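One structure is given here, and the rest of the page talks about it.
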Amino acid sequence: MLTDALTIRHYQKLTDALVEMWNRGYRYEEMRIYLDGYLASLRISKAIEPFLINRLEEETTRYIYDPSNFEMQLQTQPEVDYY
């Protein structure tokens, strides 16, 4: 479980980007490459501690391979405005 505020922010950015990639047609392999690049840039820049990067990698990898995170949302029909 992530507890550091900066690590949680990175996790949120990553998961939002992964969902957007999925909606654009990317699949697991491409998302994994994106994640690897993101984590490499964090390691090189030393933005957060290495052990936090490892936790971030574990949590994000778990997120990628959970199919419920990428299920299509049902589109509701817009409500007709009669006014």
Side-chain angles (χ1 to χ4, degrees):
M1 178 162 66
L2 301 174
T3 56
D4 179 59
L6 185 56
T7 308
I8 292 170
R9 256 186 247 141
H10 283 292
Y11 177 77
Q12 290 171 334
K13 287 179 187 179
L14 272 168
T15 55
D16 289 346
L18 293 169
V19 169
E20 182 64 28
M21 290 175 72
W22 180 265
N23 291 335
R24 290 183 178 192
Y26 291 90
R27 294 298 173 242
Y28 294 113
E29 296 81 24
E30 291 94 359
M31 292 189 307
R32 185 62 205 197
I33 291 170
Y34 177 82
L35 173 61
D36 289 343
Y38 193 97
L39 295 171
S41 69
L42 285 177
R43 287 185 178 102
I44 290 170
S45 67
K46 298 181 181 177
I48 56 178
E49 296 292 323
F51 75 94
L52 292 174
I53 295 172
N54 289 337
R55 284 191 185 160
L56 178 62
E57 181 176 17
E58 290 170 1
E59 292 294 325
T60 310
T61 301
R62 196 171 303 140
Y63 182 88
I64 286 176
Y65 292 111
D66 182 3
S68 66
N69 293 320
F70 301 105
E71 289 178 353
M72 295 298 288
Q73 300 284 329
L74 291 177
Q75 297 289 332
T76 59
Q77 292 187 355
E79 201 171 303
V80 178
D81 189 13
Y82 290 109
Y83 298 104

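Worth saying up front: this structure is predicted, and the values here are computed from it rather than measured.
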Salt-bridge criterion met for R43 and E57 (N-O under 4.0 Å): yes
Distance, nearest 0.5 Å, that separates CG of L42 from NE2 of H10: 5.0 Å
Within-4.5 Å side-chain heavy-atom neighbours: T60 and L18: yes
T7 and Y11: CA distance, side-chain angles, deciding distance, side-chain contact (heavy atoms from CB on, under 4.5 Å) verdict: CA-CA 6 Å; T7 308; Y11 177 77; 5.7 Å; no
Point-to-point distance, once rounded to the nearest 0.5 Å, from CG of L14 to CG of L35: 6.0 Å
Transitive ILVMFWY side-chain link I33 to W22, under 4.5 Å: no
Expected output: side-chain S41 to main-chain Y38 donor-acceptor under 3.5 Å: yes
Atom of A17, atom of Y34 and distance for their closest heavy-atom approach: CB-OH, 3.7 Å
Pair T61, R32: side-chain N/O donor-acceptor within cut-off below 3.5 Å: yes
With sequence neighbours excluded, residues passing side chain to side chain contact (heavy atoms under 4.5 Å, CB included) with D16: none
CZ (R24) with more than 12 external heavy atoms under 6.0 Å: no
Check: D66 side chain, N69 main-chain N or O, donor-acceptor pair, under 3.5 Å: no
Partners passing salt bridge (charged side-chain N to carboxylate O under 4.0 Å, His left out) against R9 (at least two apart in sequence or in another chain): none
R62/E59 ion pair, N-O < 4.0 Å: yes
Minimum side-chain heavy-atom gap E20-Y26 below 4.5 Å: no
Straight-line distance of L56 CG to F51 CZ, nearest 0.5 Å: 12.0 Å
K13 NZ to I8 CD1 distance, which is reported to the nearest 0.5 Å: 13.5 Å
Non-hydrogen side-chain atoms of L2 and R55 separated by less than 4.5 Å: yes
Test of ring centre spacing under 6.0 Å for F70 and Y63: yes
